[in-house]
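Step one of this worksheet: look at the structure below.
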Amino acid sequence: MFKRFLSFLKGYRILTILTPIMVFLDVVIELQIPKIMGELITLLYSTEDPDFAHDVLNYKLLQMLGLCALTLLVGYIASRCSAIASMGFSANMRSALFNKIQDFSFENIDKLKISSLITRMTSDTSRISSVFSNVIVTFVRGPFLLVLALKYSLEISRDLSKIFIFCVPAIVVLLIILGIAAVPLFRKLLKVTDDFNATLRTNINGIRVVKSFVREDYEKEKFEKVNDALVQTSIRAQKIVLYIAPILMLVIYGCMVAALFMGSRIVITNTLADISGGLEVGQITTFTSYISQVLSSLMTILMVFVTIATAKASVERVGEVFAQEPVTNDDNGDESLLVEDGSVEFRNVSFKYEEEAVKNVLENINIRIESGETIGIIGSTGSAKSTLVQLIPRLYDATEGEVLVSGHDVREYKFKNLRQEVSIVPQQNVLFSGTIKDNLLWGDFSATDEEVVEAAKAAQAHDFIMEKEKGYDTEVGQGGSNVSGGQRQRLCIARAILRKPKILILDDSTSAVDTATDAKIREALKGEQFKDTTKIIIAQRITSIMNADRIIVLEKGRICGLGTHDELVETNEVYNEIFVSQQEGVLAQ
């Protein structure tokens, strides 16, 4: 895992190395200022010559101003290098996460959940990036400052430096305790954030349903619950961190007061005893500055440890994504193997979504579909119609048995070669931001304007597209929010047709269009250009599939009927029951 995170430094390694070098120079320069200030105070305190004192003051002030300017420059370089390196690290990490998720199969996404993946891509990566920035700046600065300030403090007075013996262990123990207590709270905070994102995403995606059912008050109440849970968990997690600063400041100021008290007594004693070469007035000022820097640096180091500890949960969550191997992969696929025709065969196929599941979703499916054939699939809700067709392009892999396309097991193909020839219009019609034309070109980015229009006409989308002011250049709202459900379905069908696949799967994709338009789409699919294309149509309306070459009737994951419409009406009880109920519904209208 550590190696993987190091790989995110690609392109930013020089800046990552340069940052601590600049930080070290900044610390060295910064620690000279208290020393010069102490020397100035000592000289002004001991001299009786006003002109000499004036000259020394000007000289020392110029020295300090020069060092301030230098530390400003070095600090700026360090901050700039750190900012660019941390942003680059974060960008590389997000890109790697996104690319990993793109390789996931449906099983991986089902396991990790979309809302959780979004949180990991945003909140978790931001937290890890913040830790990275702290490590290359704060965590480097702290030890340098601690060691050098301690060294200079010992040079000034070993007696005064004994103060550190009491305060340093106390700070270390305190911060370790707080850090250990914070880790589980921050882990819980991330889990609550997942729940918050899931609720928010569900509500926004289903806002039209919420409004149509007048459930705004219910959704507001539900949101308030998860929002309050997020607030309360955040407060509990942050409360521990908030304790740290005031306690540490109390320790720092207590040590400074102790140093001033002990140092003043030593100076007074030496003065009264007329002892020279001991602790001087200016050195007390320098020492108190070093106390502040030693303890602040120690606090900084331990705070970074606390931050790392609280970010451990984020590292584990991001690491879990990288550790996931796609359940479905094409590592054993043959690059040279291409889909020659649209024939499909299921041989003793059974499927379940989870290995530990007791019951299969699909059970012992056996059927052969010839290339160019039109197949209808119908069945009650939950009969696994969508699951069946998702096995063809390997969105899922069969648990048992084989799925063959063009005579070869689908696992023998590379994903690109297989899915290029299988176009599926899923139940959830998704359009992307961009123009209508941009969305259609997802089917084939090299398609000409004529081919785009031809596909749109076949899907009965051309007319409503041309009614829009900008036609095919009309911008599509997020998720297709500015087109109706039926229009969205037709655009998705046109996109699938434009690919010119050997297998076209319509998964209940005309449910939102009227029967006349549905009939026109089916008629278009009978055209010459689709004669070699295998059409698999899942539908709830029998009228959408009654003219298919054959119809598959699914019931509880099993094929309970197979034949033409007329055959099934006569011989299949399930199909006949659906047909009769739909006919009665039409007559009732």
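Side chains included, hydrogens not; waters and symmetry mates left out as well; all remaining heavy atoms used. Counting begins at 1 with the first residue of the sequence.
- In this structure, the ring of F464 has its center no less than 6.0 angstrom from the ring center of Y472.
- For N332, the CG atom is loosely surrounded, since the number of other residues' heavy atoms within 6.0 Å does not exceed 12.
- Ring centroid separation for the pair F5 and F132 does not come in under the 6.0 Å cut-off.
- Here D195 pairs with K191 under the side-chain hydrogen bond (donor to acceptor under 3.5 Å, both in side chains) rule; sequence neighbours left out.
- Looking at V483 and K468, their side chains come closer than 4.5 Å, going by heavy atoms from C-beta outward.
- Residues T435 and D473 bring no donor and acceptor atom of their side chains to less than 3.5 Å of each other.
- Remark: the backbone N or O of T517 is paired with a side-chain donor or acceptor of D514 at under 3.5 angstrom.
- A donor-acceptor contact closer than 3.5 angstrom is absent between the side chains of S371 and D341.
- F432 and W442 have parallel rings, their planes meeting at less than 30° on a 0 to 90° scale where 60° marks the start of perpendicular.
- Applying the ring pair (Phe, Tyr, Trp, His ring centres under 6.0 Å) rule to pairs touching residues 378-397 yields F106-Y396, F351-Y396, Y353-Y396, sequence neighbours excluded.
- If you check the side chains of R120 and S116, you find a donor sitting under 3.5 Å from an acceptor.
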**OP:** Assess whether side chain to side chain donor-acceptor pair (under 3.5 Å) is satisfied between T564 and D566, documenting all intermediate values.
**Re:** CA-CA 6 Å; T564 65; D566 292 336; 5.4 Å; no

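- Legend: residues meeting side chain to side chain contact (heavy atoms under 4.5 Å, CB included) with E421, ordered by chain and number and at least two apart, are V339, K502.
- A donor and an acceptor atom, one from each side chain of S544 and D518, are located under 3.5 Å apart.
- At least one side-chain heavy atom of I559 sits less than 4.5 Å from a side-chain heavy atom of L554.
- A side-chain N or O of S105 and one of N108 form a donor-acceptor pair less than 3.5 Å apart.
- Proximity of V321 to F104: side-chain heavy atoms (C-beta onward) are separated by under 4.5 Å at one or more points.
- When side chains are defined from C-beta on, K414 counts as touching N417, because their heavy atoms get closer than 4.5 Å.
- There is a side-chain donor-acceptor pair under 3.5 Å between S336 and D334.
- Other residues, nucleotides and ligands contribute more than 12 heavy atoms inside 6.0 Å of the NZ atom of K500.
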